[in-house]
S.K.: 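Okay, handing you the structure first.
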2 protein chains.
Amino acid sequence: MTVSKTPALDLTKTVRGSAPADAGEGDAIKLGELSELLGYSLKRAQLKVFDDFIRCVAPLQLTPAQFSVLLLLERNPGRNQTEIANTLGILRPNFVSMLDGLESRELCVRMRSTNDRRSHVLMLTDKGRSILARAKKLVVSKHEARLNEVLGPENRVALLAMLDKIARDF
Amino acid sequence: MTVSKTPALDLTKTVRGSAPADAGEGDAIKLGELSELLGYSLKRAQLKVFDDFIRCVAPLQLTPAQFSVLLLLERNPGRNQTEIANTLGILRPNFVSMLDGLESRELCVRMRSTNDRRSHVLMLTDKGRSILARAKKLVVSKHEARLNEVLGPENRVALLAMLDKIARDF
DNA sequence: TATATTTGATATGTTGCATAACAATTATCG
DNA sequence: CGATAATTGTTATGCAACATATCAAATATA
């Protein structure tokens, strides 16, 4: 049992540095308490993971956000823009140009709803389904494979569980 | 032992949705494979954690990025802008306006180095040290306290370890 | 019917992040 | 030494993400 002390930040030293000269030449910069800041590690990890995702799925030219939209449209066909945008945490005004991009590539379509002629029913096109299927394969075979390499499968699951808990209960 | 299957994405169904009508009325939108995408969970968790950080440290008006700069300056006095910016993953041009903000609030100072008159030696002011000390207390007592509530201390440590592994080995 | 709400859209602003270019200074090399 | 290259901080600029206000059309509600 590795007993790592719980208190993360250590507010002891006050560093009375009044010397106007340069720093300790040659040695590396110390992260210090920064390495215990969850937000810092979270952001750095997120950037890395997004970078890897973009690389893995580069042949299809899909960003993580676009991929998530296509996933939602496949699982929830016939929803309108507000519903899809809301579940992804995207504001409706910003979702418009996103859909413009996907629709101009003929990956999805907007159709006026017959029930409520204000809203647009969103649907994947065949091309959209095809691209999404290929994207999934790349994500599984490259992106998640790399992740399982680094973390190990069981750690990946545990990590996901903790992140979801944060996203929900925080 | 909860045997959760390792393969995250499940590329089986093809959803032959050709109905131009609306979706399954009334029921909630299903996230589907999205909940298995690490990048998605990572980003949502990161946004939540940053939001909480900003709230907790609001009385001092410090963003996570500003806090991390002050932490680095305290631990590594006398470094120049390039060194600090690099270790934080901030591009030098963008670090200029960041320092402008901190310096205009008198939290740190730039002094021309006597060794190399191109570079600026960065140092915390007394006010900067004071604000940083108060910020640390808020982070520990509010931000990390909340995190330990949600995750539990040992999970927090495990989470940090995995995130750092991703940030390093990915 | 009159008023309020919802939906998609536009305009606009802010912020984070990236690149090119520049003057001043320093390092390198012929 | 002197010419050239590299470094440091800076400015300008562009792009993408994110946020707010506002609008017309359609619908809901009073």
Side-chain angles (χ1 to χ4, degrees), chain A residues 22-23 25-26 29 39-40 42-44 46-48 50-51 53-54 61-69 73 78-104 108-123, chain B residues 22-23 25-26 29 39-40 42-44 46-48 50-51 53-54 61-69 73 78-104 108-123:
Chain A
D22 285 29
E25 309 266 356
I29 291 193
Y40 178 75
L42 259 180
K43 184 161 190 190
R44 304 225 100 177
Q46 185 258 318
L47 290 175
K48 285 272 192 167
F50 267 46
D51 257 27
F53 181 99
I54 291 174
Q61 285 285 97
L62 285 182
T63 67
Q66 289 173 324
F67 180 73
S68 66
V69 169
L73 293 190
R79 297 293 191 157
N80 66 28
Q81 303 184 193
T82 298
E83 292 172 311
I84 299 296
N86 279 344
T87 60
L88 287 176
I90 302 175
L91 294 174
R92 267 119 36 193
N94 300 329
F95 192 55
V96 173
S97 58
M98 233 190 120
L99 266 188
D100 288 346
L102 293 176
E103 204 177 14
S104 72
C108 68
V109 284
R110 308 183 229 218
M111 320 168 54
R112 296 227 88 98
S113 165
T114 53
N115 303 344
D116 185 340
R117 279 164 33 209
R118 290 170 297 185
S119 63
H120 287 165
V121 163
L122 300 180
M123 310 243 314
Chain B
D22 285 28
E25 309 265 356
I29 291 192
Y40 179 75
L42 258 180
K43 183 160 189 189
R44 304 225 99 177
Q46 185 257 321
L47 290 176
K48 284 272 192 165
F50 266 47
D51 256 28
F53 182 98
I54 291 174
Q61 285 287 96
L62 286 181
T63 67
Q66 289 173 324
F67 180 72
S68 66
V69 169
L73 293 190
R79 298 292 189 156
N80 66 28
Q81 302 184 194
T82 297
E83 292 172 310
I84 300 296
N86 280 343
T87 60
L88 288 177
I90 302 174
L91 294 173
R92 267 121 36 195
N94 300 329
F95 192 54
V96 172
S97 57
M98 234 191 119
L99 267 187
D100 288 346
L102 292 177
E103 204 177 13
S104 71
C108 68
V109 285
R110 310 184 228 220
M111 320 169 53
R112 296 228 89 97
S113 166
T114 54
N115 302 345
D116 185 339
R117 278 165 32 208
R118 291 171 294 185
S119 62
H120 287 166
V121 163
L122 300 180
M123 310 244 314

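First the proteins, then the strands, lettered A, B, ... as listed; each starts at 1.
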S.K.: Between A:Pro93 and B:Arg117, name the one whose nearest nucleotide on DNA chain C is closer to the 5' end.
M.R.: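 Of the two residues, A:Pro93 wins.
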
S.K.: Using atom types as modelled and distance alone, determine if a side-chain donor or acceptor of A:Arg92 lies under 3.5 Å from a backbone N or O of A:Thr82.
M.R.: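 Answer holds: no.
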
S.K.: Of the candidate nucleotides C:dT25, D:dT10, D:dA19, which contains the atom at the shortest distance from the side chain of B:Val96?
M.R.: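 Nearest to the side-chain atoms of B:Val96, counting from C-beta on, is D:dT10.
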
S.K.: Whole-Å distance between D:dA17 P and B:Asp51 CG?
M.R.: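 Nearest whole value for this atom pair: 19 Å.
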
S.K.: Keeping A:Arg79 on the side-chain end and A:Val121 on the backbone end, is there a donor-acceptor pair under 3.5 Å?
M.R.: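 No, the answer is negative, given that no donor and acceptor are paired below the 3.5 Å cut-off.
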
S.K.: Examine C:dG8: is either OP1 or OP2 under 4.0 Å from a nitrogen or oxygen in the side chain of A:Arg118? Give yes or no.
M.R.: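 Checking C:dG8 against A:Arg118, no side-chain N or O comes under 4.0 Å of OP1 or OP2.
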
S.K.: Given B:Leu122, which partner from the list B:Val69, B:Leu99, B:Leu102, B:Asn80 fulfils the side-chain contact (heavy atoms from CB on, under 4.5 Å) test?
M.R.: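 Running side-chain contact (heavy atoms from CB on, under 4.5 Å) over B:Val69, B:Leu99, B:Leu102, B:Asn80 with B:Leu122 returns exactly one hit, B:Leu99.
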
S.K.: Of the non-hydrogen atoms in A:Phe50 and B:Lys43, which two are nearest, and what is the gap between them?
M.R.: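 So the two residues come closest at CZ-CD, 3.7 Å.
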
S.K.: B:His120 has a side chain; which of D:dA26, D:dT8, D:dT10 sits nearest to it?
M.R.: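 The answer is D:dT10.
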
S.K.: Check every atom of D:dC18, C:dA9, C:dT19 against the side chain of A:Gln81 and return the nucleotide holding the closest atom.
M.R.: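 Selected nucleotide (nearest to the side chain): C:dA9.
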
S.K.: Can you tell me how far C1' of C:dT7 sits from CD of A:Glu83, to the nearest Å?
M.R.: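 It works out to 11 Å between those atoms.
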
S.K.: Any side-chain N or O of B:Thr82 below 4.0 angstrom from OP1/OP2 of D:dG9?
M.R.: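 Yes.
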
S.K.: To the nearest Å, how far apart are A:Arg79 CZ and C:dG8 P?
M.R.: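 Nearest whole value for this atom pair: 13 Å.
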
S.K.: Base, sugar-phosphate, or nothing for B:Arg92, non-hydrogen atoms under 4.0 angstrom?
M.R.: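 Counting heavy atoms under 4.0 Å across all strands, the contact made by B:Arg92 includes a base.
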
